[in-house]
Structures are given as structure tokens and as C-alpha cells.
Amino acid sequence: MKKFKKFPNSKPQTPLLDSLNDLKKLSNFSNKELIKLADELREYLLYSTNQSGGHFGAGLGVIELTVALHHVFNAPQDKIIWDVGHQAYPHKILTGRKDKMMTIRHKDGLDPFPSKKESEYDAFGVGHSSTSISAALGMALAGSPLNKYISVIGDGAITAGMAYEALAHAGSVENNLLVILNDNNMSISNNTGGISNYLAKIWSSKWYIQAREGGKTVLRMIPSAKRFAKRTESHIKGMLSPGTLFEELGFQYIGPMDGHDLKGIVRTLKNIKDLSGPIFLHLVTQKGKGFIPAEFDPIKYHAISKKDLNLSSKNMGLKYQDVFGEWLTYKGEEGDKDLVAITPAMSEGSGMVNFANQFPDQFHDVAIAEQHSMTLAAGFACEGKKPVLAIYSTFLQRAYDQLIHDVALQNLNVLLGIDRAGFVGEDGATHAGIFDLTYLRCIPNMLIMTPSNEDECWKMLNTGYDFNGPAAVRYPRGNGPGENVSKGKELIEIGKGKVIKEVDSKIAILSFGAVLDLCSNVSDELDTTLVDMRFVKPLDEDLIKNICKNHDLIVTVEENVVAGGAGSGVNEFIHANSLEVDLLNIGIPDEFPAVGTHADQKDSAGLNSEEIIKKIRIKINR
């Protein structure tokens, strides 16, 4: 394997990679050519991702597996489903998208994750974790038995309950399915090296497979003997490998084996290709493999930013995630022993690292288990603790039932720090946090707050923490406008908005959350009244009544879908009280956002000054 100490400065020569204008040619490559192809693929991934930005640590770890899969199997007839998709960049390069890799995560460019509409080789659209086994099983049950169905799932994604639900189902129906565990963190087993590779070689060998399948045939008419043989096999394997769990679920387990041994992977895949029933192949890989800096620091090199020689010198405020993290640490340093911080595998992204290091006994990273994280918080609340759950808006969708049934229904004191609310830019539709106001607003007992700047965020966190019941503070990805954070214990009066500017005008703009600066620009251009509403639930009803008395048009603006959002709440109140005023709701239209920057996505949704002014003028001139 060729190793790299730094990113390539110039576009690398990739003759073997360039020869694959027809992917079917790959099946004829020799082992020597496959190894050379893997080196070219790794080097090109380093080069292209350094130019475009994006995820690449996981992709480096599956270079050999990607080459082997496309060498042995016949995609797109055979379906390869990549869980989450962080590791799918090498797959994109191999399947005809090499020359477009510089456009990944950019407007009108490649999607950051596998996407059915982008390529026939992307069998299933992904972005959230732990879906690949369910999807592959559904395809296996519905599709042709002549095709192969392969799920590639990481050791992080397989911790989620959905993955185990799918494994249990797959083991019970015995359709042909190959689940490949990409274990890059030793979270299941560190049994690597010669012995484990030797065991994998034996269990995938034609001799062992023939003996196993022959035994099934002979014992089919003697169920008790068949069950005894199955238990015996599982117990023997259990003494030598970590695969007993998967055997008990009904899979034939093979591994663990070196996920960077390209020859070994090819041999194993060929041996098990025509094996019937569910197969579980356990590969141990290294995240960032082949790029020495990433091998030493895989977290830092999980993803990189786009190479940019024209960095803006604009003075931006703190990132909202850092405001949350500093607030959390402040509460811990106050000596609040009831405080419990919870995250479903997003401690770095949510700004919780310092708190976790200072207060490890009050911190719980539950891995990719959003449903569990919510009900865990409910359990803590039942015992008098004050749980704070930091969760991305897009991932909160996965814990919706638990929020309603386990938290809100019991009116428990759980504070949600909802990060990445609104558009999230280059991660596209799968990670957009544009639905939360809609699905939270309809839940009884909920307190929902939308800070317009860093200082408001801090105060709302205080307010939500002290609130008796479930509360949510919803803030966007990235930097705030630069407001100084006063810190301390100051609260905001619940359900009270803030009039930013009141003028003698027909128009009043009600702003929800981080769109306040945008609304301020519009207000200055049109000379309107401007209100920072602060609260989505409860709304400041007295303020809305007073605004309606003195204005003809109420304009609501939010970075959430219009359907059922904060503006809809204002509409409902105005109609319920028979207030005579025109309404204009501005937010995200009824469509998923395309890949692009945050600004690209806002422009596409009409969330910019020019479009909002145009809509208001059209409304008042009717």
C-alpha cells in the first residue's frame, strides 16, 4: 500500500482508474492491478477532497473494500448500499464520477452522500445512519434472487437499534443478504492479526462452506439434530471470535479479518458470493488509512474544509455550538450536580468536549442512538436530575415518538439544545434542520425558543433549564452575528417578544430566530416595524394583538418550512381572535433543499432581502 504524508499538490496520474470507462472491465483485473488501482484511488481521493472539501477519513479506510466489491460483484445489478455514506467517495470515483468530484457538496454538483437520482450505482439514498441493512433486506425480499444485496455499515452505525431490528429480521427470513461491518474503531473486537485472518479464511473457504451446506441438507429432515449442529457450530466459533451474536441472529459470521488486505477480501468475497442465506463479514479497518496525518488523528481528518485562498476577514461571532458548550461548562462550574449532559454521538459537533473532560460523571455520549438518548433523558428527569440533550435538528426527527410519549406527555424537565437548525449548506437535504418548528409546535407542554444572536441563546438556555417542563432552544449551524455574550444567570420572560423598531407603517415584520439581521435589512429598506418574536411557543399574544391594531400587513419570517411553522402559529392566533389584518408567511417552500452553500440554499428558498422585499411589495399592491 502506498502511503502519503501530505495532500497531493497537483492532479495525480491515474491510468488504471482512467481506463475504467466501463466498470465491468474491473472484474478482469489481476491482484497486482487491483493493488495499483487502490493506490491510484487513494491518491485521487486525497487530491480531490483537498480541493472540494468533504468527508474523506472514512473513505480512505474502505479503499480496498470498495475496489474488491466492484471487482467481485456486478453493480448496478448487484445492489451495494453504503450506510450513512461518508465512506462512499471512493465508490463515486469508481462509478463514473471521477471528473466531477471537485463539485461535491457544491451548488449543481455531486451530492455529498449516495443518491439514487445521481447514479444507478447508488442503490439507496442515505445520509442518516443505520438504514442500510433494512434497505438491503427490502431489496432482497422484493428483487431478483439472481442479484446480490450488500449492506456496508460502520461500527458506529451498527450500534443503533434500527440496525439490530434489521439484523433480527434478516436472520429470520434467510434471504440472500451480505452485511459487511466496517469496524474502524475496534468497538466490537480488536481480534486482528494472523489468527483472526486465518479463521476468516477457514470460515469462508469452499471446503467449510460445502461441509456446512451439505450438513444442512442432510439434517433438514431431522430438526433436533440440525438445531444441535447449529448450536455446536456457534459455540465453537464463539470461543474463537466475536461473532456469536450474529450467529444467534441467524447469520453466518466470517471474521474478523484485515480490511486492508485486498487479496484476502477478494478471495473471501468470491468464496461467499454464491452462498445462500444471510452472511455477516466483519472487516477491521483504520479510518484515514494511507494518509499518515489522518491515521494519527482520525477525528480531525474525518472531514476537511474546502481549500480556499480567499478567506474572508469579516469578524464573525462565536459559533452557536460554542455558546452552548460554554454555557454547559459554566453550569457545571457553578457546581450544579443535577445537571446531566447527553449527546447521541455528537460531542465535538455540539461543543461538549470541554464539559465532557471536566465533568465526565455528568456526561453521557450514547453513540448513534437518538431514541435512547431522549428516553434516557426522561429517566434522569424522573429522578430529579436536569438533563440537557444536545441534538442536531435533523437527528431529533429520529427521536420524535420518545419526545412526545416519554418526555412531553409526562411533562418532564428536559432541555433540548437543537443544533444545526435551518439550512446546513453542503450536507444538503439529508441534514437540513428545516422541519423542527413544525413538528415541535404541535406537541403539548413544549416551550420553544429561537435566539437571534449569541447572547439571546445563552439567556434562553438559562430560561429553558429553569423551566418546569420540556423546553427547546433552536439555533443554527455556524457563527452568530457577533453579539457580546453577557453570560451569567439572566433569564428571558417566557412568551415575551422584543420590539426592535416601531414606526408609523402599514407593515410589521415578525422575525423568528437567526433571520433577524435579514429582517432588519428588509425593515430598513421598507421602513417597517420590526419584532424579534423570540418564542414560537408560547407566542407573545398581547404583542401580536397590539401590532395588528396599528398595521395592515403582518409578515412572518423564519428559516423553517412555511407549512405548520412559526408563521402558521401566528396565523392561527389571528384567525382564532378574528383580528383584521393581512398575512404573509415567508420561509422555506415545500421542497427539499439542493446541495450548495447556506447562502445558495437561502437564495433558492427566497430567503434574501431582494426576494422578501419583492413579495411584500406584491402583497401590498394587490
* Sequence-distant partners of T95, side-chain contact (heavy atoms from CB on, under 4.5 Å), two or more places apart -> L23, H70, H91, R97, Y121
* NZ/K273: more than 12 non-hydrogen atoms of other groups inside 6.0 Å -> yes
* Asked: Excluding sequence neighbours, so at least two apart, what forms ring-ring contact (aromatic ring centres under 6.0 Å, His included) with F73?
  -> none
* To do: Using a cut-off of 6.0 Å, state whether more than 12 heavy atoms not belonging to K100 lie near its atom NZ.
  => no
* Non-neighbouring partners of F355 that pass ring-ring contact (aromatic ring centres under 6.0 Å, His included), sequence neighbours left out -> F359
* Partners meeting side-chain hydrogen bond (donor to acceptor under 3.5 Å, both in side chains) with T343 (sequence neighbours left out) -> none
* Between H282 and F246, is the ring centre distance below 6.0 Å? -> no
* Asked: Got a sec: does the CG of D590 have more than 12 other heavy atoms crowding it under 6.0 Å?
  -> no
* Asked: Do S393 and D419 get their side chains close enough for a donor-acceptor pair, meaning under 3.5 Å?
  -> no
* To do: Check the angle between the aromatic planes of Y253 and F280 and answer parallel, tilted or perpendicular using the 30° and 60° thresholds.
  => parallel
* Asked: Excluding sequence neighbours, so at least two apart, what forms side-chain contact (heavy atoms from CB on, under 4.5 Å) with V173?
  -> L137, L141, H169, N175
* Going by distance alone, is a donor N or O of one side chain under 3.5 Å from an acceptor N or O of the other, for H598 and E559? -> yes
* Between R420 and Q321, does any side-chain donor sit less than 3.5 Å from a side-chain acceptor? -> yes
* **Contacts of Q601 that satisfy side-chain hydrogen bond (donor to acceptor under 3.5 Å, both in side chains) - sequence neighbours left out** => none
* Quick one: sort the Y475 and Y320 rings into parallel, tilted or perpendicular, breaks at 30° and 60°. => parallel
* Heavy-atom distance under 4.5 Å between the side chains of T375 and H405, does that happen here? -> no
* Ring centres under 6.0 angstrom apart (H128, F395) -> yes
* Ring-face cation contact, F124 with K116, 6.0 Å cut, 45° max -> no
* Asked: With a 4.0 Å cut-off, would you call E118 and K92 a salt bridge?
  -> yes
* Just by distance, with hydrogens left out, do T285 and N184 show a side-chain donor and acceptor under 3.5 Å apart? -> no
